[in-house]
Amino acid sequence: MARPIWFVNFLKRIYPTRHSIARLTKLPLIGDLVDHLLFRGDEMYVIPKDQTIQINAQLDNPESTIIPSQLVEHYINQASHHWIMDFCICREGDGCQDYAQDLGCIFLGEPVLQINSKLGRLVTREEALDHARRCREAGLVHSVGRNRLDSIWLGANPAEELMTICNCCPCCCLWGLVTDLTPKISEKITRLPGVELAVNGNCTGCGLCADGICFADAIQVKNGQAVISLECRGCGRCVEICPEGAIILTIDGKENLQETIRRLDQLVDLD
């Protein structure tokens with residue numbers, strides 16, 4: 001059943017307290033209960049920004065180059081129902097001043113027909129593709145997959161038939177809670193298979209990449225050089241911010257993209 005506007009406004013009002021609430025999940029019983037009720041069976045993949053991928057100009061077959069946004073476009077093209085939110089509940093709830101608050105999530109699948117019409121609108125495939133492009137141009141990072149929490153707060157069921165395409169900023173996104181949540185939940189937001197990041201000898205240890213850029217807090221400067229931990233979700237923002245070009249992001253093989261599609265097809269039934 002569609003959620004009333006007062007309920008959505010209430011969620012916005014309490015959003016700034018999210019870090020304190022998330023830390024409660026590290027208590028064993030609470031963490032297990034929250035996981036079961038709000039995140040059961042979920043999986044979300046962070047999609048690196050296209051322009052952060054190192055492209056080898058000498059490739060004999062350049063059309064084989066993987067562009068991460070193709071995964072988003074694949075599901076927009078596949079879905080029969082497309083919904084665009086008129087706002088980002090995270091950025092509005094946090095009063096974001098750095099990224100557009102009106103660039104909301106894209107939801108796919110028949111459950112979108114249950115969403116309150118005052119929160120957004122049904123759109124065509126072409127409009128959804130254009131919205132995704134504008135989000136990327138605005139500096140936002142996609143994450144795609146199944147997120148039971150979206151099904152709950154929107155009243156769009158079943159969760160197994162609703163696909164979420166988040167358009168995230170580094171400062172306000174819900175997934176900035178990965179360092180606060182119990183690992184059982186935080187591990188449900190993951191990097192795209194095949195994505196690797198490395199720091200080369202150009203690093204001067206300036207610390208820009210470690211200063212609020214990484215939502216997973218996966219970068220630290222140690223002994224004068226940036227070090228990327230396994231907590232990295234592969235969004236690519238650190239690649240963009242580095243003035244020395246010292247952080248390299250690569251994607252290994254189209255087979256990884258196909259494996260991600262296979263996994264997402266198991267999680268979300270868009271047919």
Side-chain angles (χ1 to χ4, degrees), residues 18 22 42-55 65-75 88 90-91 94 96 98-100 103-106 131-147 163-181 183 185-200 203 207-221 226-252 256-257 260 263-264:
R18 64 194 181 279
D42 284 357
E43 205 162 309
M44 292 286 291
Y45 290 98
V46 176
I47 309 300
K49 303 180 81 172
D50 290 347
Q51 62 269 34
T52 64
I53 302 170
Q54 178 171 280
I55 302 295
T65 301
I66 297 173
I67 304 299
S69 59
Q70 289 175 345
L71 183 65
V72 171
E73 293 171 354
H74 167 82
Y75 282 107
C88 171
C90 301
R91 284 190 286 280
D94 223 26
C96 186
D98 297 322
Y99 295 87
L103 291 176
C105 290
I106 301 170
H131 183 80
R133 177 188 56 77
R134 290 193 294 117
C135 288
R136 292 193 295 273
E137 290 176 349
L140 302 173
V141 170
H142 298 310
S143 58
V144 57
R146 192 178 89 191
N147 185 12
M163 177 166 282
T164 293
I165 300 174
C166 278
N167 306 301
C168 302
C169 63
C171 41
C172 308
C173 179
L174 180 69
W175 296 118
L177 296 176
V178 292
T179 58
D180 299 306
L181 290 163
I185 299 175
S186 67
E187 288 170 0
K188 296 172 189 277
I189 178 78
T190 184
R191 77 167 72 177
L192 199 66
V195 168
E196 299 291 341
L197 283 95
V199 180
N200 64 31
C203 179
L208 283 176
C209 59
D211 186 19
I213 296 300
C214 179
F215 74 91
D217 197 22
I219 308 178
Q220 296 182 6
V221 177
V227 177
I228 302 176
S229 76
L230 294 177
E231 295 301 313
C232 169
R233 267 47 174 202
C235 70
R237 284 198 175 95
C238 57
V239 178
E240 281 190 316
I241 200 68
C242 180
E244 306 298 333
I247 305 177
I248 307 300
L249 186 152
T250 58
I251 298 182
D252 181 21
N256 285 305
L257 187 62
T260 304
R263 176 62 180 160
L264 287 172

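Position 1 is the first residue of the sequence; numbering continues from there. Everything numeric here is computed off the predicted structure, so don't read it as measured data.
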Student: Check T179 against A216 and note the closest heavy-atom contact, atom names and distance.
Tutor: CG2-O, 3.4 Å
Student: Could you tell me the separation between the SG atom of C235 and the CG atom of L140, rounded to the nearest 0.5 Å?
Tutor: 11.5 Å
Student: Got E231 and V178 here, is their nearest side-chain heavy-atom distance under 4.5 Å?
Tutor: no
Student: Between R237 and G139, which heavy-atom pair has the shortest distance, and what is it?
Tutor: NH2-O, 3.7 Å
Student: Table please: side-chain donor-acceptor pairs of residues 238-247 below 3.5 Å, with sequence neighbours left out.
Tutor:
residue	atom	partner	partner atom	Å
E240	OE1	K49	NZ	2.7
E240	OE2	K49	NZ	3.4
E240	OE2	Q51	NE2	3.2

Student: Kindly give the heavy-atom pair with the smallest separation between P68 and I251, and that separation in Å.
Tutor: CG-CD1, 3.6 Å
Student: Is the closest side-chain heavy-atom distance between L71 and T260 below 4.5 Å?
Tutor: yes
Student: So L192 and I47, do their side chains get closer than 4.5 Å, heavy atoms only?
Tutor: yes
Student: Can you name the residues that form a salt bridge (charged side-chain N to carboxylate O under 4.0 Å, His left out) with R18, not counting sequence neighbours?
Tutor: D94
Student: Which pair of non-hydrogen atoms, one from L264 and one from G145, has the smallest distance, and what is that distance?
Tutor: CD2-CA, 3.6 Å
Student: Listed by chain and number, what are the side chain to side chain donor-acceptor pair (under 3.5 Å) partners of Y45, not counting sequence neighbours?
Tutor: E43
Student: Determine the minimum heavy-atom distance between G236 and L249, stating which atoms define it.
Tutor: CA-CD1, 3.8 Å
Student: Run the salt bridge (charged side-chain N to carboxylate O under 4.0 Å, His left out) test against R133 and tell me which residues pass, sequence neighbours left out.
Tutor: D130, E137
Student: Could you pull out all residues at least two apart from Q220 that satisfy side-chain contact (heavy atoms from CB on, under 4.5 Å)?
Tutor: K222
Student: Any side-chain heavy atom of H74 sitting closer than 4.5 Å to one from V144?
Tutor: no
Student: Keeping to residues at least two apart or across chains, list the side-chain hydrogen bond (donor to acceptor under 3.5 Å, both in side chains) pairs with something in residues 186-197.
Tutor: D35-K188
Student: Looking at every heavy atom in both G207 and V221, which two are closest together, and how far apart are they?
Tutor: CA-CG2, 3.8 Å
Student: Assess the residue pair F215 and V46 against the criterion (side-chain contact (heavy atoms from CB on, under 4.5 Å)); give the C-alpha distance rounded to whole Å, side-chain angles, the decisive distance to 0.1 Å, and a yes or no.
Tutor: CA-CA 11 Å; F215 74 91; V46 176; 4.1 Å; yes
Student: Considering residues at least two apart in sequence or located in another chain, which fulfil the side-chain contact (heavy atoms from CB on, under 4.5 Å) criterion with A100?
Tutor: D102, L103
Student: Going by side chain to side chain donor-acceptor pair (under 3.5 Å), name the residues that satisfy it together with D217, two or more places apart in sequence or in a different chain.
Tutor: none
Student: So how far is it from N147 CG to I189 CD1, rounded to the nearest 0.5 Å?
Tutor: 8.5 Å
Student: Of all residues at least two apart in sequence or in a different chain, which pass the salt bridge (charged side-chain N to carboxylate O under 4.0 Å, His left out) check with R146?
Tutor: D42
Student: Could you tell me the separation between the SG atom of C214 and the CD1 atom of I228, rounded to the nearest 0.5 Å?
Tutor: 8.5 Å
Student: Under 3.5 Å, sequence neighbours excluded: what are the donor-acceptor pairs made by side chains of residues 164-175?
Tutor:
residue	atom	partner	partner atom	Å
T164	OG1	D150	OD2	2.7
N167	OD1	H142	ND1	2.8
N167	ND2	G104	O	2.8

Student: Test your reading of the model: is there a side-chain donor-acceptor pair from D50 to the backbone of S69, 3.5 Å cut-off?
Tutor: yes
